[in-house]
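This report refers to the structure that appears directly beneath it.
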Protein chains: 2
Amino acid sequence: MSTAKTYHHGNLKETLITSGLDILREQGLAGLSLRNCAERAGVSHTAPKNHFGNLAGLLTAIAARGYQQLTAHMQRDLSEDASRIERRNAAFQGYVEFALAHPALYELMFSKHKTNSGDPELLAQVTASFVILRDASEGLDWDKSDKPDADLRAQMMLWSLVHGFAQLSVSGKFDKDMMRKLDILDVMPDFQYRS
Amino acid sequence: MSTAKTYHHGNLKETLITSGLDILREQGLAGLSLRNCAERAGVSHTAPKNHFGNLAGLLTAIAARGYQQLTAHMQRDLSEDASRIERRNAAFQGYVEFALAHPALYELMFSKHKTNSGDPELLAQVTASFVILRDASEGLDWDKSDKPDADLRAQMMLWSLVHGFAQLSVSGKFDKDMMRKLDILDVMPDFQYRS
DNA sequence: CATGAATGTTTCCAGTGGAAATATAAATGC
DNA sequence: GCATTTATATTTCCACTGGAAACATTCATG
């Protein structure tokens, strides 16, 4: 691999993904076009076809990378022996912070039609992110009812809660009063752990 | 107003909005283009400019109509003397049902960049929808902590919960087990009312 | 070293939103 | 009642988009 200008790029697949992430940061989702991304990587606009098939394929790879980063961000600064509460706080806060810090990428990750939502690599990264949330909320005594499937319901509710909070924050639907309280740990009820 | 083909349409503004809603239903958000919408209304692709300025203006009007319908749907089948629990159930369930029944419209309504999010008419309809949710959750004894701004926090959390649930359902992020439990009232904890 | 596979380029096409100039109809003023 | 202004819609043009197809170059493998 060299940086000299050769006919074959040498690392195009990876370069296209990072170019895409850069464009999302600088120009938002609307600015992320095939041609824009290819130009930034220094190739013609049809070169990505070899690696990703089409635009949706490229966006899928970028979104998958986004989930990878989200997973990492939810685990940031956690030592091996972090407590359950520390892990839970890091995961919840990390999720919301990530959405606010990378709104365009977040929008792409949760857009239904821009990506190939059935792509195995994407699905794997989505699952990895969700597993962090699920593990962090395990054992939370948040519902005292005796409905069945308590664990499954708890997972759905907590993911919904965190995701909805992030989504409404990023999309600006919260009103002015609400925007002053964007720390999810501050807004969330004091869920305690069982046992 | 006549249905005969005249140079002046006579009811173009309204027709464009309903055409847009039809296209969203039939072809999804990706199919909703200025030209597509104009053709369906029987005018040239630049005609909408007089009424909505540009594409974003048209999409803004369509989204506002969407919030209007959402508000109505959250209040469906409610008699004057409906109980708080009935109103809450109708609002929560109506919100999720609406998202699942009109996924493309819902996507447009909560997309940050496709609409003019500062538009007064849009903001008014967004607020109207939120007020339904807020009223329906008023008095819910959902958090026993003594943190300040309990009402504001409760509103944010419940909207987050319902919106996140709808969003994750529509976008297909819930896994197979979760997709079998898409009734939010069944998944939600048994929040009780105070007093 | 030759041949096939992988990787990029060039060229073309249909589609998009929008600007600008123009055409038509409606509304208003005298 | 007629002329002028205003509102509404069309036509034409442009830059941009994703993708198909044919071609060029390099790599990898026998």
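Residue numbering restarts at 1 for every chain, and letters A, B, ... go by the order of the sequence lines.
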Taking CG from A:Leu58 and P from C:dG8, how many angstroms apart are they, rounded to a whole number?
13 Å

Interatomic distance, A:Leu59 CG vs D:dG18 C1' [rounded to whole Å]:
11 Å

Expressed as a whole number of angstroms, how long is the span from A:Glu39:CD to C:dG8:C1'?
16 Å

Between A:Thr46 and A:Asn36, name the one whose nearest nucleotide on DNA chain D is closer to the 5' end.
A:Asn36

Is it true that, when you exclude A:Glu138 itself, more than 12 heavy atoms of the residues, nucleotides or ligands shown sit nearer than 6.0 Å to its CD?
no

Give the ring-plane orientation class for B:Tyr106 versus B:His163, where under 30° counts as parallel, over 60° as perpendicular and anything between as tilted.
tilted

Separation of D:dG18 atom P from A:Asn116 atom CG, nearest Å, is 15 Å

Separation of atom CZ in A:Phe52 from atom P in C:dG8, rounded to whole Å
11 Å

Per-pair distances, 0.1 Å, donor-acceptor, side chain in residues 56-64 of chain B, under 3.5 Å, sequence neighbours excluded:
from    : atom 1 : to       : atom 2 : distance (Å)
B:Thr60 : OG1    : B:Ala56  : O      : 2.6
B:Thr60 : OG1    : B:Asn116 : N      : 2.8

Please work out which residues in residues 25-34 of chain B have a non-hydrogen atom less than 4.0 Å from an atom of DNA chain C and list them by number.
B:Ser33, B:Leu34

Spacing of CG belonging to B:Asp177 relative to CE belonging to A:Met156, to within rounding of 0.5 Å
9.5 Å

B:Lys49, nearest nucleotide to its side chain (from C:dT11, C:dG18, C:dA19):
C:dA19

Using a cutoff of under 3.5 Å, can you pull out all pairs of nitrogen or oxygen atoms linking the protein to nucleotides 3-7 of chain C, with atom names and distances?
from  : atom 1 : to     : atom 2 : distance (Å)
C:dT7 : O2     : A:His8 : NE2    : 3.4

Side chains of A:Leu24 and A:His102 in contact at under 4.5 Å (non-hydrogen atoms):
no

D:dT8 P sits how many Å from B:Asn11 CG, rounded?
12 Å

For the ring-ring contact (aromatic ring centres under 6.0 Å, His included) test, which of B:Phe92, B:Phe174, B:Trp159 pairs with B:Phe165?
B:Phe174

Length of the line joining B:Lys13:NZ and D:dA7:C1', which is rounded to integer Å
13 Å

Any idea which of D:dT11, D:dG18, C:dG17 is nearest the B:Arg35 side chain?
C:dG17

Mind calculating the distance between NE2 (B:His45) and P (D:dT8) to the nearest angstrom?
19 Å

